[in-house]
Chemist: 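Questions regarding the structure given below will be posed in turn.
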Amino acid sequence: MSYADKVFIDMCRDIIENGTSTEGEKVRPVWEDGTSAYTIKRFGVVNRYDLSKEFPALTLRRTAIKSCVDEMLWIWQKKSNNVHDLKSHIWDSWADESGSIGKAYGYQMGVKHQYKEGMMDQTDRVIFDLKNNPYSRRIMTNIYVHQDLHEMHLYPCAYSMTFNVTKEKDSDVLTLNGILNQRSQDVLAANNWNVCQYAVLIYMLAQVCGMKAGELVHVIADAHIYDRHVPMIEELISREPYPAPAFRLNPEITDFYDFTPDDVILEDYQTHPQIKNIPIAV
């Protein structure tokens, strides 16, 4: 069994059995037919994945690894807020006629800030510190910028990464760990998508900074299953998991800005069929 499958199954069961419902309350999201989209939710879900042991991709259904990496690089590498720079169409509902999603996600990663070492954006600052100050406790990003929220078409869900470097006994190679903070998550539509994205990010940053990947800790303030997703989730977690796939990253890449989705390879990725026609609340 993939460890990611176990984490996902346990989390979903906990939400369904012990969560609280928003039914009848004032909620923002609506379904395509205009009716309110209610959820069953759990507050403060924390999941840990040891990337040195296995890659955390679900086998209960396939996670489109190249598409989720493309979105991660759209934010962290291209620093774009325009859907025309993205191969998938997951952001189309929030884009204006020019393709922009406003001052969100990649836009915030690309804003340069003044440091004593000079002007850097958030991605470059992370890489600079990992290479020059690996034991700093200040290696983090934040795209939940209050002064720009009114110009974002959707407030950031996954809004912060905190990186922390450790050194194992009898090892000359440093270990890169990361904490992903998320204010809200649609568990069926996005949970493993986000987990795989930020696992790959840690692998990539570790490689270009001469480190090895350690732990990804995923903190979700509001982990929820939408009312129309509950039957899909129940069917999904009833499936028998397969072993985790093997992960491989192109070893020739030494510059973060040279990575492409094709540099990420999952070998022996056996999965159950995808769940199709998942309704998305907006």
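Keep in mind that the numbers below use all heavy atoms, side chains included, and drop hydrogens, waters and symmetry copies. If you read the sequence from its start, that first residue is 1, and numbering goes on from there.
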Chemist: Looking at E71, Q185, H218, which one forms a side-chain hydrogen bond (donor to acceptor under 3.5 Å, both in side chains) with N194?
Modeler: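 That would be Q185; it is the only one of E71, Q185, H218 passing the side-chain hydrogen bond (donor to acceptor under 3.5 Å, both in side chains) with N194.
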
Chemist: With a 4.5 Å cut-off on side-chain heavy atoms, are V83 and W94 touching?
Modeler: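 No, side chains not in contact.
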
Chemist: For E235, look at atom CD and say whether over 12 heavy atoms of other residues, nucleotides or ligands are found less than 6.0 Å away.
Modeler: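 Count over threshold, so yes.
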
Chemist: Going by heavy atoms in the side chains, are T123 and Y257 under 4.5 Å from each other?
Modeler: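 T123 reaches Y257 side chain to side chain.
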
Chemist: Flag yes if more than 12 heavy atoms outside E117 fall under 6.0 Å of its CD atom; otherwise flag no.
Modeler: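 For E117, atom CD is crowded (more than 12 foreign heavy atoms under 6.0 Å).
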
Chemist: Taking the six-membered ring for Trp, are W74 and W91 parallel (under 30°), tilted (30 to 60°) or perpendicular (over 60°)?
Modeler: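 The arrangement is tilted - the two ring planes meet at 30° to 60°.
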
Chemist: Is any side-chain heavy atom of V200 less than 4.5 Å from a side-chain heavy atom of F55?
Modeler: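 They are in contact (side-chain heavy atoms under 4.5 Å apart), so the answer is yes.
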
Chemist: Just grab all the side-chain hydrogen bond (donor to acceptor under 3.5 Å, both in side chains) pairs involving residues 153-166, residues at least two apart or on different chains.
Modeler: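 Every pair satisfying side-chain hydrogen bond (donor to acceptor under 3.5 Å, both in side chains) with a residue in residues 153-166: T166-N177.
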
Chemist: How many angstroms lie between atom CD of E215 and atom CG of L51, to the nearest 0.5 angstrom?
Modeler: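 The CG atom of L51 is 8.0 Å from CD of E215, to the nearest 0.5 Å.
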
Chemist: Return the CD to CG distance between Q207 and L205, rounded to the nearest 0.5 Å.
Modeler: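 One gets 10.5 Å once the value is rounded to the nearest 0.5 Å.
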
Chemist: Does Q114 CD have over 12 foreign heavy atoms under 6.0 Å away?
Modeler: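 Counting neighbours around CD of Q114, more than 12 heavy atoms of other residues, nucleotides or ligands fall under 6.0 Å, so yes.
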
Chemist: With a 4.5 Å cut-off on side-chain heavy-atom distances among I, L, V, M, F, W and Y, is there a chain of contacts connecting F43 to I15?
Modeler: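 No, it is not one cluster - the side chains of F43 and I15 are not joined through contacts under 4.5 Å.
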
Chemist: Show the numbers, then the answer: is there a side chain to side chain contact (heavy atoms under 4.5 Å, CB included) between I233 and F8?
Modeler: CA-CA 10 Å; I233 285 283; F8 185 83; 4.0 Å; yes

Chemist: Looking at G102, is its backbone amide N or carbonyl O close enough to the side chain of N81 to form a donor-acceptor pair, meaning the two atoms are under 3.5 Å apart?
Modeler: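 Yes, the answer is positive, given that a donor and an acceptor are paired below the 3.5 Å cut-off.
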
Chemist: Side-chain donor-acceptor pair under 3.5 Å between D96 and S98, yes or no?
Modeler: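 A pair is found: one side chain offers a donor N or O, the other an acceptor, under 3.5 Å apart.
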
Chemist: Check which hydrophobic residues are tied to Y242 through side-chain heavy-atom contacts below 4.5 Å, counting indirect links as well, and list them.
Modeler: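 Y242 clusters with nothing; isolated.
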
Chemist: Taking the six-membered ring where the residue is Trp, are the ring centres of W31 and Y226 under 6.0 Å apart?
Modeler: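 Distance test on ring centres: under 6.0 Å, yes.
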
Chemist: Between T39 (side chain) and K41 (backbone), is there a donor-acceptor pair under 3.5 Å?
Modeler: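 Between the backbone of K41 and the side chain of T39 there is no qualifying donor-acceptor contact (under 3.5 Å).
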
Chemist: Return yes if a side-chain donor-acceptor contact under 3.5 Å exists between D33 and T35, otherwise no.
Modeler: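 The answer is yes; a qualifying pair exists.
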
Chemist: Pick from I65, I265, V264: which one makes a side-chain contact (heavy atoms from CB on, under 4.5 Å) with F247?
Modeler: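 Only one of I65, I265, V264 forms a side-chain contact (heavy atoms from CB on, under 4.5 Å) with F247, namely V264.
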
Chemist: Measure the shortest side-chain to side-chain distance between F256 and D124 over non-hydrogen atoms and say whether it is less than 4.5 angstrom.
Modeler: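 Counting from C-beta outward, F256 and D124 never come under 4.5 Å.
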
Chemist: Check the pair K87, K66 against side chain to side chain contact (heavy atoms under 4.5 Å, CB included), reporting the backbone distance first and the verdict last.
Modeler: CA-CA 10 Å; K87 292 180 181 177; K66 292 193 185 299; over 6 Å; no

Chemist: For D5, enumerate each residue passing the side-chain contact (heavy atoms from CB on, under 4.5 Å) test, keeping only those at least two apart in sequence or located in another chain.
Modeler: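 With sequence neighbours excluded, D5 shows a side-chain contact (heavy atoms from CB on, under 4.5 Å) to M1, S2, L58, T59, L60, P241, given in chain and number order.
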
Chemist: I'd like to check Q108 versus P156 (side-chain heavy atoms, cut-off strictly below 4.5 Å). Are they in contact?
Modeler: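 In short, these two side chains do not touch, never coming nearer than 4.5 Å.
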
Chemist: Taking the six-membered ring of Y115 as reference, does the NZ or CZ atom of R125 fall below 6.0 Å from its centre and within a 45° cone about the axis?
Modeler: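 That pair qualifies as a cation-pi contact.
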
Chemist: Could you tell me whether a side-chain N or O of H224 sits under 3.5 Å from a main-chain N or O of D222, the two making a donor and an acceptor?
Modeler: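 Side chain of H224 to backbone of D222, a donor-acceptor pair under 3.5 Å: yes, one is there.
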
Chemist: When rounded to the nearest 0.5 angstrom, what distance separates NZ in K6 from CG in N47?
Modeler: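 Between atom NZ of K6 and atom CG of N47 there are 10.5 Å.
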
Chemist: Taking atom NE2 of H84 as the centre, does the number of heavy atoms from other residues, nucleotides or ligands within less than 6.0 Å exceed 12?
Modeler: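 Yes.
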
Chemist: Output, in order, the C-alpha distance, side-chain angles, deciding distance and verdict of side chain to side chain contact (heavy atoms under 4.5 Å, CB included) for T63 and Y269.
Modeler: CA-CA 10 Å; T63 295; Y269 188 23; 3.8 Å; yes

Chemist: Does some side-chain heavy atom of E234 sit less than 4.5 Å from a side-chain heavy atom of V230?
Modeler: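 With C-beta onward as the side chain, the pair touches.
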
Chemist: Is there a donor-acceptor contact under 3.5 Å from the side chain of K212 to the main chain of V173?
Modeler: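 The answer is no, because no donor-acceptor pair under 3.5 Å joins these two groups.
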
Chemist: With rounding to the nearest 0.5 Å, note down the distance linking CG in D70 to CD1 in I75.
Modeler: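 One gets 10.0 Å once the value is rounded to the nearest 0.5 Å.
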
Chemist: Hey, is the main chain of Y38 close enough, under 3.5 Å, to the side chain of S36 for a donor-acceptor pair?
Modeler: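 It does not hold such a pair.
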
Chemist: Please determine, by modelled atom types, if S136 and D129 share a side-chain donor-acceptor pair under 3.5 angstrom.
Modeler: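 The answer is no; no qualifying pair exists.
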
Chemist: Under 4.5 Å between any side-chain heavy atoms of E151 and S100, yes or no?
Modeler: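 With C-beta onward as the side chain, the pair stays apart.
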
Chemist: When rounded to the nearest 0.5 angstrom, what is the spacing between CD in Q122 and CE in M161?
Modeler: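 Output value for this atom pair is 12.0 Å.
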
Chemist: I'd like to know whether NZ of K112 has more than 12 heavy-atom contacts from other residues, nucleotides or ligands below 6.0 angstrom.
Modeler: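 Correct, the count exceeds 12.
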
Chemist: Is the shortest side-chain heavy-atom distance between T141 and W76 below 4.5 Å?
Modeler: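 Side chain of T141 against side chain of W76, heavy atoms only: contact under 4.5 Å found.
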
Chemist: Assess the residue pair N191 and I220 against the criterion (side chain to side chain contact (heavy atoms under 4.5 Å, CB included)); give the C-alpha distance rounded to whole Å, side-chain angles, the decisive distance to 0.1 Å, and a yes or no.
Modeler: CA-CA 10 Å; N191 178 262; I220 313 169; 3.9 Å; yes

Chemist: Can you tell me how far the CG atom of D186 sits from the SG atom of C157, to the nearest 0.5 Å?
Modeler: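 Here the interatomic distance stands at 9.0 Å.
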
